[in-house]
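Beneath this line is the structure, given in structure tokens, with notes to follow.
Values below: all heavy atoms of this structure, side chains included; hydrogens, waters and symmetry mates excluded. Quantities reported herein were computed from a predicted structural model and do not represent experimental measurements. Order of listing sets the numbers, starting from 1, for every ligand and every atom in it.
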Amino acid sequence: MEAYEKLFLWFSIALLALLLVALAYTSFAMHVHVPGDAGMIMVKPGQTLAGAVLTTPPFDHPGLRQLGPGRYEAVMFGQAWSFYPREIDVPAGSEVTFRATSVDVTHGFFIPGTRVNMMLIPGLISVTSYRFDKPGTYLLLCHEYCGLLHHTMNAQVVVK
Ligand code: CUA
């Protein structure tokens, strides 16, 4: 009986170690992490979340800005049921850093066919980057249920 207990104990320890290794691998080697580590929106007393977002840089000036040759930052926010701005235009080969948040409820931020896939959580800032090599019109979709017109919530990235 004692031999089985020992075996079981070692098995449990080995499993725990394996899961810790898997966790370390996904977070450090594969860069899998929760969105929202790019900052928060501070809501002052008497202010709504929307009011706070729209007066907090860089969300007080949403849109596209050039950071350098072939490098852009797209500052965007989700609001039921659209993204603002509705369209981003960049030349082919551009590296675009999306900095986005939500002014109301949780929204998704997903561009099929790319690595752009994050959640916009109210009060948190989500950031991701992607290089658009192929010209075309990329649809930006909300893939978190956010209410009645969730399925119509979209914007587009036009790559020329
Ligand atoms: Cu926004 Cu679904």
Holding to side chain to side chain donor-acceptor pair (under 3.5 Å), I want the full list of residues that pass it with R71, two or more places apart in sequence or in another chain. none
Is the ring pair Y130/F132 parallel, tilted or perpendicular, if the boundaries are 30 and 60 degrees? perpendicular
Connected via hydrophobic side-chain network under 4.5 Å: F77 and V105: no
Those residues at least two apart in sequence (or on a different chain) that pass side chain to side chain donor-acceptor pair (under 3.5 Å) with E73 are R65, R99
How long is the gap from CG on L54 to OG1 on T101, to the nearest 0.5 Å? 10.0 Å
Considering residues at least two apart in sequence or located in another chain, which fulfil the ring pair (Phe, Tyr, Trp, His ring centres under 6.0 Å) criterion with F109? F83, F98
Quick one: give me the number of protein N/O/S atoms under 2.8 Å from atom 2 (Cu) of ligand 1. 4
